[in-house]
Amino acid sequence: MEQFEAEAVVIGAGVVGLAVARALHLAGHDTVILEKNSHIGMETSARNSEVIHAGIYYPKGSLKARLCVRGKALLYEFCAAHGVPHRRLGKLIVGHAGQEVQLAAIARAAADNGVDDIKPLAAREIASLEPHVAATEGLFSPSTGIIDSHQYMLALLGDLTLVKNSEVAAVHRHGDGWSLVIQSGGEEMVLNARLLVNAAGLWAHKVAHRIDGMRGVPSLRLAKGNYASLSVASPFNHLVYPVPEPGGLGVHVTLDMGGRARFGPNVEWLASDDPAEIDYTVAPGIAARFAPVIARYWPGIKEDILTPDYSGVRPKLSGPGEPNADFRIEGPDAHGLPGLVNLFGIESPGLTSSLAIAEYVTALLT
């Protein structure tokens, strides 16, 4: 078997893996990225709302809160410096009679997380910003935005060394580092490195179980989110979100860089937690399911102007009826294995947090 050497290896070329690899490279480490698919970012990173989140919803002091707020600032700076298409559109969170307590709790959570630009909205102010939206009150987040995630990933990749179509079959201790057995194109090779980051997203748990000496791998739950696109011109100027639902942020309106509107995602817990069994097909009946939900804040919706679009799957560490779990980013102090960091449950706001996650991971390895 051929053997190769690197100082650092990142498993997974999604947005977080690419950000981590870039940070390690900038810190002076010779870094290789391994990706089992034929292109970068083909799973969670390509199947989301492409929203730059403000850091509103997450518990105070959690990794999601801290890394989202820090990551948002870093991401806007990165996009401006590297010409990545993005827009700071702002977001409305809208509610109706009986949801006042929930909206107040969201505002408090935002303040606790240092997001101090949230503005309460009365019905007339909502109508001024979004004339087609019906709500009795809401919140406005001016720092929420959208991003072209594919262009962002290309900018992160830059001149980094990427090895595609390469799956990690086993990871063994090798001196003071790691030896990875990699399957690629029907052949096996070995890659030795001192530092190893498991940023495999949906597959991070499977990869962790292949690492010698790794214990305490958390359980994985998979939640599918479907999207439907609007087949007519969008009437919206901002992102529009309802009050969050269990497991997600509710079926909301997002806009892409071309101004096209789409709705989603819903929360559909999958029976199997094996990522190899994921079916990304969006059921034809999604328009009928979404229309009455959307009508709560946009009365003008009609089922026949919704078209099934795409779906994504979130790697979650909590299941139905449980509080949303935090990111788990675990270095040697957590598992006792030198030179290793595992990232589990990197769902939303993973895209927004990616550059801050990269800082965090680099600090754990230095």
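Source: prediction; values computed, not measured. Excluded from the calculations below are hydrogen atoms, water molecules and symmetry mates; all remaining heavy atoms, backbone and side chain alike, are included.
Within a 6.0 Å sphere centred on CD of Glu2, other residues, nucleotides and ligands contribute 12 heavy atoms or fewer. Shown here is His25, whose NE2 atom has no more than 12 heavy atoms of other residues, nucleotides or ligands within 6.0 Å. Residue His82 places its NE2 atom among more than 12 non-hydrogen atoms of other residues, nucleotides or ligands, all under 6.0 Å distant. Taking a 6.0 Å sphere around CZ of Arg47, one finds it holds more than 12 heavy atoms contributed by other residues, nucleotides or ligands.
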message: Show, in sequence, the C-alpha distance, side-chain angles and deciding distance for Phe344 and Ile346, and conclude whether the side chain to side chain contact (heavy atoms under 4.5 Å, CB included) test is met.
response: CA-CA 6 Å; Phe344 300 120; Ile346 309 299; over 6 Å; no
message: Checking Phe327 against Leu67 for the side chain to side chain contact (heavy atoms under 4.5 Å, CB included) test, could you report, in this order, the C-alpha distance in whole Å, the side-chain angles of both residues, the deciding distance, and whether it holds?
response: CA-CA 10 Å; Phe327 295 153; Leu67 297 177; 4.3 Å; yes
field: Test log, rule salt bridge (charged side-chain N to carboxylate O under 4.0 Å, His left out), inputs Glu77 and Lys72
entry: CA-CA 9 Å; Glu77 291 174 7; Lys72 173 186 64 177; over 6 Å; no
message: Checking Trp203 against Glu43 for the side chain to side chain donor-acceptor pair (under 3.5 Å) test, could you report, in this order, the C-alpha distance in whole Å, the side-chain angles of both residues, the deciding distance, and whether it holds?
response: CA-CA 10 Å; Trp203 301 84; Glu43 297 179 341; 3.2 Å; yes
field: Trace of the side chain to side chain contact (heavy atoms under 4.5 Å, CB included) decision for Phe78 with Val84
entry: CA-CA 8 Å; Phe78 183 94; Val84 176; 4.2 Å; yes
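Evaluation of the salt bridge (Lys or Arg N to Asp or Glu O under 4.0 Å) test over residues 85-113, restricted to residues two or more places apart or in two chains, returns none.
Taking CZ of Arg262 as the reference point, atom CG of Asp256 lies at 5.5 Å (rounded to 0.5 Å). Put simply, CG on Leu255 and OG on Ser49 are 11.0 Å apart, with the number rounded to the nearest 0.5 Å. Expressed to the nearest 0.5 Å, how far OG of Ser318 lies from CG of Asn324 amounts to 5.0 Å. Atom CD of Glu359 is separated from atom CD1 of Ile357 by 11.0 Å, given to the nearest 0.5 angstrom. Here the straight-line distance linking atom CG of Leu24 with atom OG1 of Thr362 works out to 4.5 Å at 0.5 Å rounding. Taking OG from Ser166 and CE from Met189, the interatomic distance works out to 4.5 Å, rounded to the nearest 0.5 Å.
Ser311 places a side-chain N or O within 3.5 Å of a backbone atom of Tyr280 that can act as its donor or acceptor partner. For the pair Asn113 (side chain) and Ala65 (backbone), a donor-acceptor distance under 3.5 Å is absent. At distances below 3.5 Å, not a single donor-acceptor pair connects side-chain atoms of Ser353 with backbone N or O atoms of Leu351. No donor-acceptor distance shorter than 3.5 angstrom exists from the side chain of Asp30 to the backbone of Ala6, with no hydrogens or angles considered. A distance-only check finds a donor-acceptor pair linking the side chain of Asn198 to the backbone of Ala204 [under 3.5 Å]. Asn237 contributes a side-chain N or O that, together with a main-chain N or O of Leu129, makes up a donor-acceptor pair within less than 3.5 Å. For Gln99 (side chain) and His96 (main-chain N/O), a donor-acceptor pair under 3.5 Å exists by modelled atom type. Counting only distance, with no hydrogens or angles, the side chain of Asn48 and the backbone of Glu50 share a donor-acceptor pair below 3.5 Å. A donor-acceptor distance shorter than 3.5 angstrom exists from the side chain of Ser45 to the backbone of Val15, with no hydrogens or angles considered. No donor-acceptor pair under 3.5 Å is formed between the side chain of Ser62 and the backbone N or O of Tyr58.
Between His252 and Tyr241, the angle of the ring planes stays under 30°, which puts this pair in the parallel group of the 30/60° scheme. Aromatic ring orientation, Tyr76 versus His86: tilted (interplanar angle from 30° to 60°).
A ring-centre distance under 6.0 Å is not found for Phe263 and Phe290.
Listed here is the closest heavy atom pair of Leu191 and Val32: CD2-CG1, 4.1 Å. Summarising the geometry of Ile52 relative to Ile146, their closest heavy-atom pair is CD1-O, 3.8 Å, with the distance given to 0.1 Å. Closest approach of Ile33 to Gly12, counting heavy atoms only: CG2-O, 3.9 Å. Smallest separation of non-hydrogen atoms from Ile11 and Val168: CD1-CG2, 3.8 Å. In this structure, Gly331 and Leu364 approach most closely via the heavy-atom pair N-CD1, 4.0 Å. Of all the heavy atoms in Thr352 and Val51, the pair that sits closest is OG1-O, 3.3 Å.
In terms of the side-chain hydrogen bond (donor to acceptor under 3.5 Å, both in side chains) criterion, Glu303 has no residue partners (sequence neighbours excluded). Not counting sequence neighbours, the partners of Tyr152 by the side-chain hydrogen bond (donor to acceptor under 3.5 Å, both in side chains) test are Ser354. Listed by chain and residue number, Phe140 satisfy the ring-ring contact (aromatic ring centres under 6.0 Å, His included) test with His238 (two or more places apart in sequence, or in another chain). Applying the side-chain contact (heavy atoms from CB on, under 4.5 Å) test to Asp117 and every residue at least two apart in sequence or in another chain returns Val115, Pro142, Ser143. Under the rule for a side-chain hydrogen bond (donor to acceptor under 3.5 Å, both in side chains), Arg173 has no partner lying at least two apart in sequence or in another chain.
Within the 4.5 Å cutoff, no side-chain heavy atoms of Leu92 are placed close to those of Leu239. Between Leu154 and Ile40 there is a side-chain heavy-atom pair separated by less than 4.5 Å. Between Leu340 and Val197 there is no side-chain heavy-atom pair separated by less than 4.5 Å. Between Val190 and Ile182 the shortest side-chain heavy-atom distance does not fall below 4.5 Å. By the 4.5 Å heavy-atom criterion applied to side chains, His29 and Thr366 are counted as neighbours. Two residues are said to be in side-chain contact when any heavy atoms from C-beta on lie closer than 4.5 Å; Lys224 and Trp269 fail this criterion. Looking at Arg314 and Thr44, their side chains never come closer than 4.5 Å, going by heavy atoms from C-beta outward. Side-chain contact between Leu157 and Leu162 is present, with at least one heavy-atom pair separated by less than 4.5 Å.
Trp298 and Glu130 are not linked by any side-chain donor-acceptor pair at a separation below 3.5 angstrom, with hydrogens and angles left out of the test. A donor atom on one side chain and an acceptor atom on the other are not found under 3.5 Å apart for Asp274 and Ser272. A donor-acceptor contact closer than 3.5 angstrom links the side chains of Asn192 and Ser179. Residues His335 and Glu330 have side chains that never bring a donor and an acceptor to within less than 3.5 angstrom of each other.
Residues Arg194 and Glu5 are not paired through a salt bridge, judged by the lack of any N-O separation under 4.0 Å between the basic side chain and the carboxylate. We find that Asp273 and Arg221 are joined by a salt bridge, their nearest charged nitrogen and carboxylate oxygen being less than 4.0 Å apart.
Among Ile126, Ile294, Val94, the single residue meeting the side chain to side chain contact (heavy atoms under 4.5 Å, CB included) criterion with Val240 is Val94.
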